[in-house]
Amino acid sequence: MDQYAQRMYEMKLEEIYRGSGWIPDEISLPDFLALFPVEFKNGKAIRPDKPKDFDFDRDTYLAIMVAFRQAFS
């Protein structure tokens, strides 16, 4: 598990959270970060699934996936 990549991913998620006009009104930052946990399989990060309990617009979800790719590629 790469601690640097994990922290970079969390920082990018925080940027998305703070840059959104509506997410902070709906959910707290710790809860937002908990929606996108990183799991590892055979030493490689597995892309988190789209949360079922919270509906994100397409652009926000794509930004989250880009953040994941940038951190773990």
Counting N and O atoms only, with roles assigned by atom type, does the side chain of Y9 sit under 3.5 Å from a partner on the main chain of A71, one being a donor and the other an acceptor?
->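 Side chain of Y9 to backbone of A71, a donor-acceptor pair under 3.5 Å: no, none is there.
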
Should [X] and [Y] count as side-chain neighbours, where that means a heavy-atom distance under 4.5 Å?
| X | Y | value |
| --- | --- | --- |
| L29 | R18 | yes |
| I23 | T60 | yes |
| I27 | Y17 | yes |

With sequence neighbours excluded, what pairs up with M11 under the side-chain contact (heavy atoms from CB on, under 4.5 Å) test?
->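 Partners of M11 by the side-chain contact (heavy atoms from CB on, under 4.5 Å) criterion, ordered by chain and then number, come out as R7.
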
Can you name the side-chain contact (heavy atoms from CB on, under 4.5 Å) partners of A5, sequence neighbours left out?
->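 In terms of side-chain contact (heavy atoms from CB on, under 4.5 Å), with neighbours along the sequence ignored, A5 is linked to D2, F72.
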
Transitive ILVMFWY cluster of M8 at side-chain heavy atoms under 4.5 Å: who else is in it?
->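 Taking Ile, Leu, Val, Met, Phe, Trp and Tyr as members, M8 shares its hydrophobic cluster with Y4.
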
Sorted by first residue and then second, give each side chain to side chain donor-acceptor pair (under 3.5 Å) pair with at least one member in residues 63-73; sequence neighbours left out.
->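 For residues 63-73, and leaving out neighbouring residues, the side chain to side chain donor-acceptor pair (under 3.5 Å) pairs sorted by first residue read K12-Q70.
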
Any side chain to side chain donor-acceptor pair (under 3.5 Å) pairs touching residues 32-45, not counting sequence neighbours?
->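 Residue pairs with at least one partner in residues 32-45: there are none.
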
Looking only at non-hydrogen atoms, find the nearest pair between [X] and [Y] and report the distance.
| X | Y | value |
| --- | --- | --- |
| S28 | D31 | OG-OD2, 3.1 Å |
| D57 | W22 | OD2-NE1, 3.5 Å |
| L33 | E10 | CD2-O, 4.0 Å |
| P48 | P37 | CB-O, 3.5 Å |

Set of residues satisfying ring-ring contact (aromatic ring centres under 6.0 Å, His included) with respect to F56, sequence neighbours excluded =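 For F56 the ring-ring contact (aromatic ring centres under 6.0 Å, His included) partners, ignoring immediate neighbours, are F32, F36, F54.
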
